[in-house]
Amino acid sequence: TATVTNTFVPGSLQVTKVINISAVGTVTIPTFSITITGPSYPTGDTKTISVNGTLTWTGLIPGDYTITEADAGTSWTETVPAGPVTVVAGQQATATVTNTFVPGSLQVTKVVVLTGYLLPNNVNEIFTIIVTGPSYPGGTPLTFHVVNGLLTDSPQTLNNLIPGPYTVVETTPVDGMWTVAGGGGVNVVS
């Protein structure tokens with residue numbers, strides 16, 4: 001008698017999740033859904049993750065697997081492997097899925113009207129505008145300077161902002177020589 005034994009040798013696939021965030025403030029990280037489709041999962045198998053880390057599929061039939069990720073919204077870009085990843089018997093294939101947060105920006109322009117001044121070249125003033133929103137829940141000041149009648153630092157831009165509603169409010173100058181108009185609400189988008 002003789003015995004011939006065949007043992008199936010599966011492979012595995014490890015997907016590394018990389019989350020890139022470059023924004024002022026605390027960004028809420030969504031749950032990302034990653035799906036592999038291939039010989040073991042012809043209709044796909046999905047796992048979720050919301051941190052930098054890895055997801056592993058074991059016991060896979062060797063072959064080509066496509067990796068996709070559900071759209072995480074306009075505030076995130078997704079980068080998945082451009083083509084299928086090949087799983088080989090007895091080995092672990094690897095791939096990386098990267099999500100990058102897309103911040104917005106806000107440009108604040110200060111306009112100073114010197115109408116009625118006899119000697120506008122002698123005007124020196126400091127104006128403060130407070131911007132409040134998701135990146136700056138307690139507000140952040142922007143300071144604008146008029147030196148010898150010239151506005152020296154307008155516009156100013158806040159970058160790497162979490163998208164959402166912001167308010168722009170100017171504090172009234174303490175000398176009482178100015179009226180304030182403008183500002184209000186603005187929506188920052190990715």
Side-chain angles (χ1 to χ4, degrees), residues 15-34 48-55 67-82 95-190:
V15 176
T16 300
K17 164 57 76 182
V18 177
I19 301 170
N20 295 319
I21 299 174
S22 175
V24 175
T26 303
V27 175
T28 301
I29 299 173
T31 299
F32 300 103
S33 297
I34 298 173
T48 60
I49 190 168
S50 59
V51 295
N52 286 318
T54 58
L55 298 171
I67 300 171
T68 58
E69 183 177 59
D71 186 10
T74 59
S75 294
W76 296 90
T77 62
E78 298 91 18
T79 304
V80 297
T96 301
V97 174
T98 303
N99 293 91
T100 302
F101 183 73
V102 182
S105 64
L106 174 61
Q107 184 179 73
V108 178
T109 301
K110 174 69 182 158
V111 176
V112 176
V113 179
L114 295 172
T115 309
Y117 280 93
L118 296 176
L119 300 171
N121 292 343
N122 294 331
V123 174
N124 295 296
E125 188 68 72
I126 297 173
F127 298 95
T128 302
I129 294 175
I130 306 296
V131 177
T132 307
S135 286
Y136 298 104
T140 189
L142 298 177
T143 305
F144 297 86
H145 300 85
V146 174
V147 179
N148 295 326
L150 297 174
L151 186 60
T152 61
D153 44 14
S154 179
Q156 293 184 33
T157 303
L158 293 172
N159 292 308
N160 296 322
L161 297 181
I162 298 169
Y166 286 79
T167 58
V168 179
V169 178
E170 182 172 7
T171 59
T172 304
V174 294
D175 59 20
M177 296 189 322
W178 303 90
T179 59
V180 177
V186 64
N187 192 42
V188 172
V189 295
S190 294

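Just so it is clear, the structure is predicted and the values come from calculations on it, not from any experiment.
In this view, S75 and S190 satisfy the side-chain hydrogen bond (donor to acceptor under 3.5 Å, both in side chains) rule, not counting sequence neighbours. T68 is linked by a side-chain contact (heavy atoms from CB on, under 4.5 Å) to T35, T66, counting only residues two or more places apart in sequence or in another chain. For E170, the side-chain hydrogen bond (donor to acceptor under 3.5 Å, both in side chains) test picks out K110, with sequence neighbours left out. V186 pairs by the side-chain contact (heavy atoms from CB on, under 4.5 Å) definition with L106, Y166, V168, not counting sequence neighbours. Not counting sequence neighbours, the partners of T31 by the side-chain contact (heavy atoms from CB on, under 4.5 Å) test are T48, S50. Residues satisfying the side-chain contact (heavy atoms from CB on, under 4.5 Å) test with P141, not counting sequence neighbours, are T128, I130.
In this structure, the side chain of N52 engages the main chain of I19 through a donor-acceptor pair within 3.5 Å.
Note that CG of L151 and OG1 of T109 are 9.5 Å apart. Values are rounded to the nearest 0.5 Å. Note that OG of S105 is 5.5 Å distant from CG of N159, once rounded to the nearest 0.5 Å. Distance check: T54 OG1 to I49 CD1 gives 6.5 Å after rounding to the nearest 0.5 Å. How far OG1 of T157 is from CG of L142: 9.0 Å, rounded to the nearest 0.5 Å.
In this structure, T132 and P137 approach most closely via the heavy-atom pair CG2-O, 3.5 Å. The heavy-atom pair separating F101 from P103 by the smallest distance is O-CD, 3.2 Å. Shortest non-hydrogen contact noted between V51 and K17 is O-CG, 3.4 Å. Contact detail for I67 and V15: the closest heavy-atom pair is CD1-CG2, 3.9 Å.
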List the atom pairs, donor and acceptor, that lie under 3.5 Å between side-chain atoms in residues 21-30 and the rest of the protein, sequence neighbours left out.
none

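Sorted by first then second residue, the ring-ring contact (aromatic ring centres under 6.0 Å, His included) pairs that include residues 123-160, not counting sequence neighbours, are F127-W178.
Between E78 and V97, every side-chain heavy-atom pair lies at or beyond the 4.5 Å cut-off. You'll find the side chain of I129 stays beyond 4.5 Å of the side chain of Q156, heavy atoms only.
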